[in-house]
Number of protein chains: 2
Amino acid sequence: MPRVSQQYKDERRREIVAAASRCFLEHGFEGASMHRIIAATGLSAGALYNHFPSKQELVLASARTALDRVLDPVEGTDEDAPGGGPAEWVTGLLERLAGDPAATRLLLITWGGAVSEPALAAVAGEHLGRVRDRVEERYGRWAVEDLGLDPERAREWVAMFAQAILSVLQGYVVQSCLLPGFDHDAYLDYARTLAAQ
Amino acid sequence: MPRVSQQYKDERRREIVAAASRCFLEHGFEGASMHRIIAATGLSAGALYNHFPSKQELVLASARTALDRVLDPVEGTDEDAPGGGPAEWVTGLLERLAGDPAATRLLLITWGGAVSEPALAAVAGEHLGRVRDRVEERYGRWAVEDLGLDPERAREWVAMFAQAILSVLQGYVVQSCLLPGFDHDAYLDYARTLAAQ
DNA sequence: GTCTATACCGCGATAGAC
DNA sequence: GTCTATCGCGGTATAGAC
């Protein structure tokens, strides 16, 4: 079982997901037909179905990839900038979104689809839970060490702070995609003010 | 041109939208087929198409109805409780959502669909803009009269407050639909704390 | 592994009697 | 206005040669 074969397949899958994501972004998960996706990959139907057994699997892979693009870089900063306060962390998260509007829009498409598609709901729900847990883990320690709160107060504070983070994230996604006249800088001001509490 | 005829048609349209909304809620806008919707209304295909010329119109009508269910009662309080502060207003809004989970879920479906469907984007964007304008109008005066801010400061404050309201609304919608272990009361605490600034 | 060609189904929408 | 029956298209997925 040669290892190159696995690498090749992974790379091919990555390319397919990238092409499919472009289609999903433009037409939605249901609106993007397999014909269109196949054309976007440059492959043939048979070839594509050798890598993904169904459209559903392709949808889930696209959603997971977009969701991870939001979270992974933020998790990366755990090691890069362990001393950053909550305000910097939130700002970094939002600027990551601002720099990748495609992933941001795919995030909103995923949330919408998750309402009526259990498999998507599982992916989206697990992702949101992971963001929350990451925040609680990171800033639970921070609240005790840098803020000097006693453990009980810190637990309360961090739970509310995590809720604020999620809410700010979701507000940014929805408003940046849908609100006419959305002001990116004003939103960052709001997020900074909120995180400074 | 008898007036009863118009009333009859309006009532019939309302019934159709209600049945269609139940289908959209369960299967999404694209996943719900006309066959299914027709069965849900109890009518026949021909009858339904006499009231709505296309599925698209039915989708837009459903989305508008769900969106209005969120905003209208809130606007109604403009006259019922003109003295309520921001915190009460936000709480009322969220409890309205909590009491109508179907409309809440349809809201999220609409936002998701709006990303790749311009007609839905227009409806959703106009609605979000209306919520924001309503907040700014209502609490712009409030900030000057009850909070005693000078006009310039009030303008800044109300812009940020409106952003906070939207964000809290959107956070509630996404989290209540998708986050495993979502805590309604904790979210209300967060919203109240935020509005008390 | 990848291709072409196609099966087969369910979709939105319509025709025409009543 | 409402019904039944149906059209034609485009959907996902597969078969079988290479």
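Chain letters run A, B, ... following the sequence lines, proteins first and then strands; every chain starts at 1.
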NA contact type, [X], heavy-atom cut-off 4.0 Å: base, sugar-phosphate, or nothing?
X: A:Arg36; answer: nothing
X: B:His51; answer: sugar-phosphate
X: B:Ser44; answer: base

Next on the checklist: Donor-acceptor check, side chain of A:Arg13 to backbone of A:His51, threshold 3.5 angstrom: yes or no?
Outcome noted: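 Yes; at least one donor-acceptor contact below 3.5 Å.
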Next on the checklist: Between A:Arg130 and A:Asp133, does any NZ, NE, NH1 or NH2 come within less than 4.0 Å of an OD or OE carboxylate oxygen?
Outcome noted: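 A:Arg130 and A:Asp133: not salt-bridged.
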Does [N] have OP1 or OP2 under 4.0 Å away from a side-chain N or O of [X]?
X: B:Lys55; N: C:dC11; value: no
X: A:Ser33; N: D:dG11; value: yes
X: A:His35; N: D:dG10; value: no

Write down the distance between [atom1] ([X]) and [atom2] ([N]), rounded to a whole number of angstrom.
X: B:Glu30; N: C:dC11; atom1: CD; atom2: P; value: 13 Å
X: A:Phe29; N: D:dT12; atom1: CZ; atom2: P; value: 14 Å
X: A:Asp10; N: C:dG1; atom1: CG; atom2: P; value: 11 Å
X: B:Leu58; N: C:dA13; atom1: CG; atom2: C1'; value: 13 Å
X: B:Leu43; N: C:dA13; atom1: CG; atom2: P; value: 17 Å
X: A:Tyr49; N: D:dT12; atom1: OH; atom2: P; value: 6 Å
X: B:Met34; N: D:dT6; atom1: CE; atom2: C1'; value: 16 Å
X: A:Gln56; N: D:dT12; atom1: CD; atom2: C1'; value: 13 Å

Next on the checklist: By nearest heavy atom, map B:Ala45 and A:Gly46 onto DNA chain D; which one lands nearer the 5' end?
Outcome noted: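 Comparing both residues, the 5'-ward one is B:Ala45.
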Checklist entry - Just by distance, with hydrogens left out, do B:Ser176 and B:Tyr187 show a side-chain donor and acceptor under 3.5 Å apart? => result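 There is no such pair (donor and acceptor under 3.5 Å, judged by atom type) between the side chains of B:Ser176 and B:Tyr187.
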Checklist entry - Among B:Thr110, B:Ile109, B:Val115, which residue meets the side-chain contact (heavy atoms from CB on, under 4.5 Å) test with B:Leu120? => result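 One option only clears the test, and that one is B:Thr110.
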Checklist entry - For the rings on A:Phe182 and A:Tyr172, is their centre-to-centre separation under 6.0 Å? => result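 Distance test on ring centres: under 6.0 Å, yes.
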